[in-house]
Amino acid sequence: MPDLETLWQYICDEFKTKLSTISYNTWLKAVKPIAFSSQTLVIEVPTALHKDYWKANLSKQVVTLVADSIGQTITVIAKLPEEPNPLSSNFSTNRAQNNTKVDSRPTFMRETKLNEKYTFDTFVIGKGNQMAHAAALVVAEEPGALYNPLFFFGGVGLGKTHLMHAIGHQMLANNPQATVKYVTSEAFANDFINSIQTKRQEEFRKEYRSVDLLLVDDIQFFADKEGTQEEFFHTFNALYDDKKQIVLSSDRLPNEIPKLQKRLVSRFKWGLSVDITPPDLETRIAILRNKADADDLAIPDDTLSYIAGQIDSNIRELEGALVRVQAYSSMTHLPISTSLAADALKNLKLNGKSNEISISVIQDKVAKYYHISISDLKGKKRVKNIVIPRQIAMYLARELTDASLPKIGHEFGGKDHTTVIHAHEKISGALSTDTELQREVNDLKGKLKK
Ligand SMILES: Nc1ncnc2c1ncn2[C@@H]1O[C@H](COP(=O)(O)OP(=O)(O)OP(=O)(O)O)[C@@H](O)[C@H]1O
């Protein structure tokens with residue numbers, strides 16, 4: 001293999017004959033060869049435009065040239081001056097280069113971008129989220145003091161992320177010097193792995209342990225990630241000991257997250273856990289009204305009520321329905337009305353929602369399957385031939401719907417969410433050994449998915 005200088009000289013000589021002088025001066029003369037090892041050539045280009053052009057065009061020509069002449073397949077990487085050399089594991093970073101367009105810092109050192117739309121002002125308070133909202137406000141006003149950690153749990157698309165960002169915004173409004181970091185659990189895990197690969201664990205730790213507010217979203221994805229849990233345990237302890245605020249979210253309670261270390265579960269319970277349950281009709285209408293007003297959308301109240309009546313569990317879907325109605329109206333050049341909304345959302349149902357399984361359908365199928373009544377299924381009788389189907393129905397509701405634990409409990413005659421957890425654990429456990437139960441549950445799943 002040639003050394004860097006020889007290789008670069010050869011490439012330049014070849015391109016001199018291939019390109020016009022002006023092209024050669026623009027694309028080759030302005031380039032600095034940086035490194036050549038592991039069959040990778042790294043060059044430094046002066047601007048993003050050079051980088052794009054190299055990527056789209058010249059790199060391939062160099063690869064062909066080298067392959068033809070020395071029979072080796074190489075990779076060419078063009079980097080900007082402020083970007084690290086990908087071939088050196090210990091590349092240096094200059095935090096003062098913040099103002100350059102490309103952020104060359106490792107991912108864990110990058111600034112958190114809070115979604116500017118997710119503030120307390122744009123959050124509609126209703127029965128299902130009132131307590132979560134109040135706790136979020138307290139934490140934003142008095143971080144590290146009362147509820148540490150604050151743990152939000154609840155179904156998909158119910159505003160957990162929105163509230164976390166709102167806390168971040170509010171804290172920064174109160175104290176612009178505060179350091180706020182928002183990450184998903186997956187980003188935390190990736191950052192951690194990256195820091196190991198690039199031998200920057202110390203910096204990683206410093207970055208995560210020096211914040212005033214750490215927001216970690218969707219921590220259910222910590223399951224199965226032993227090393228990350230270990231690291232997070234230490235991050236948690238350092239922040240907690242320093243009285244820094246920690247806010248976490250998950251789709252379920254900490255003790256329900258599979259393979260989450262017991263010591264983390266117990267720490268997550270030190271503060272306050274609040275659930276967010278699906279919004280009632282009034283709240284859904286208010287959310288739609290807010291959104292319509294923010295988008296300057298003229299839409300009659302009865303149409304909003306109609307849309308809110310169609311989607312009852314996921315606010316992301318509710319917002320999606322409004323966007324759909326809006327798009328349908330502009331496509332058909334008709335004003336938004338209830339009948340237009342009905343048309344627009346009819347298609348939405350055909351596009352997939354029809355397959356969605358509801359808790360009441362599960363109850364109906366399970367009751368029929370075991371020849372018991374729905375009222376027994378939802379009731380309190382403790383006889384075995386009712387208790388087992390009830391637990392199976394709760395298990396299926398947990399597995400096949402997005403409903404939160406409290407919602408499932410509610411649909412089963414107002415039972416506590418711990419009863420649902422117990423039922424789910426019981427059936428999951430039994431399924432690993434009981435082949436008869438496996439057959440029955442599979443049968444039921446088949447019927448439900450028809
Ligand atoms: N109470 C609310 N008022 C206004 N908008 C809301 C409210 N709750 C949720 N939303 C909106 O619904 C959408 C989904 O919310 P968000 O992403 O916060 O849900 P999530 O609970 O974090 O969901 P996931 O479990 O998928 O992470 C966002 O656009 C958010 O702004």
Side-chain angles (χ1 to χ4, degrees), residues 112-137 139-140 149-170 180 182-189 214-223 247-254 256-257 260 268 273-295 297 299 304 307-308 310-326 348 353 356 398-399 401-408 417:
T112 299
K113 285 200 178 53
L114 296 172
N115 185 327
E116 59 190 33
K117 289 189 184 150
Y118 293 176
T119 62
F120 282 122
D121 281 347
T122 56
F123 192 82
V124 176
I125 304 165
K127 248 195 231 148
N129 61 32
Q130 200 168 21
M131 178 151 162
H133 173 266
L137 253 185
V139 157
L150 175 59
F151 190 101
F152 295 124
F153 70 101
V156 176
L158 293 183
K160 300 183 292 294
T161 304
H162 189 135
L163 274 181
M164 293 177 106
H165 284 225
I167 296 172
H169 284 302
Q170 189 61 35
V180 171
Y182 166 88
V183 278
T184 61
S185 64
E186 280 162 318
F188 180 89
L214 179 64
L215 307 151
V216 187
D217 212 348
D218 289 328
I219 61 148
Q220 67 271 17
F221 297 119
F222 271 160
V247 181
L248 307 163
S249 90
S250 167
D251 64 347
R252 58 199 92 171
L253 281 162
E256 265 200 275
I257 300 172
L260 187 64
F268 293 171
S273 301
V274 262
D275 65 337
I276 306 189
T277 55
D280 55 19
L281 183 67
E282 287 70 30
T283 313
R284 298 201 300 277
I285 295 173
I287 289 172
L288 287 178
R289 173 51 69 206
N290 258 17
K291 184 124 182 63
D293 289 350
D295 295 350
L297 193 65
I299 178 160
L304 283 186
I307 300 172
Q310 299 303 301
I311 288 155
D312 65 357
S313 60
N314 182 331
I315 298 171
R316 194 175 293 119
E317 279 179 14
L318 189 68
E319 291 181 340
L322 184 64
V323 170
R324 203 180 167 84
V325 170
Q326 193 179 356
L348 179 74
K353 276 207 64 109
E356 211 162 87
R398 188 76 183 120
E399 291 289 312
T401 76
D402 284 337
S404 65
L405 291 167
K407 166 134 171 128
I408 298 173
H417 68 265

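Quick caveat, the model's predicted, so the values are computed rather than measured. FYI, side chains are in, hydrogens and waters are out, and symmetry mates aren't considered; it's all heavy atoms of this structure. This chain uses plain numbering: 1 for the first residue, then up along the sequence. As the structure lists them, so they are numbered: ligands from 1, and atoms in each ligand from 1.
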Ring-ring centroid check His169 Phe120, cutoff 6.0 Å: no
Please report which non-hydrogen protein atom sits nearest to [atom], along with the residue it belongs to and the distance in Å to one decimal place.
| atom | answer |
| --- | --- |
| atom 9 (C) of ligand 1 | Gly159 CA, 3.4 Å |
| atom 28 (C) of ligand 1 | Tyr118 OH, 3.5 Å |
| atom 13 (C) of ligand 1 | Glu319 OE1, 3.7 Å |
| atom 30 (C) of ligand 1 | His162 ND1, 3.4 Å |
| atom 23 (O) of ligand 1 | Gly157 N, 2.8 Å |
| atom 17 (O) of ligand 1 | Arg316 NH2, 3.0 Å |
| atom 25 (O) of ligand 1 | Lys160 NZ, 3.0 Å |

Residues forming a side chain to side chain contact (heavy atoms under 4.5 Å, CB included) with Thr401, sequence neighbours excluded: Ile359, Ile362, Ala403
Ring geometry between Phe123 and His162 (parallel below 30°, tilted from 30 to 60°, perpendicular above 60°): perpendicular
Do ligand 1 and [X] have nitrogen or oxygen atoms that lie under 3.5 Å from each other?
| X | answer |
| --- | --- |
| Thr161 | yes |
| Ile315 | no |
| Phe123 | no |
| Ile125 | no |

Short side-chain donor-acceptor distance under 3.5 Å, Thr184 and Asp218: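 Not at all, the side chains of Asp218 and Thr184 share no donor-acceptor pair under 3.5 Å.
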Quick check on contacts: which atoms of ligand 1 are under 4.0 angstrom from a heavy atom of [X]?
| X | answer |
| --- | --- |
| Thr122 | 3 (N), 4 (C) |
| Asp218 | 27 (O) |
| Asn129 | 1 (N) |

Which atoms form the tightest heavy-atom contact between [X] and [Y], and what is the distance?
| X | Y | value |
| --- | --- | --- |
| Arg284 | Ala308 | NE-O, 2.8 Å |
| Ala321 | Ile311 | CB-CD1, 3.5 Å |
| Val124 | Ala286 | CG1-CB, 3.7 Å |
| Lys407 | Pro278 | CD-CG, 3.7 Å |
| Asp251 | Gln220 | N-OE1, 3.2 Å |

Proximity flag Val156 to ligand 1, non-hydrogen atoms under 4.0 Å: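 In this structure, Val156 qualifies as a contact of ligand 1 - some heavy atom is under 4.0 Å.
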Separation of Leu248 CG from Leu214 CG (nearest 0.5 Å): 7.5 Å
Shortest heavy-atom approach to atom 2 (C) of ligand 1 - which of Asp121, Leu288, Val124, Asn290: Val124
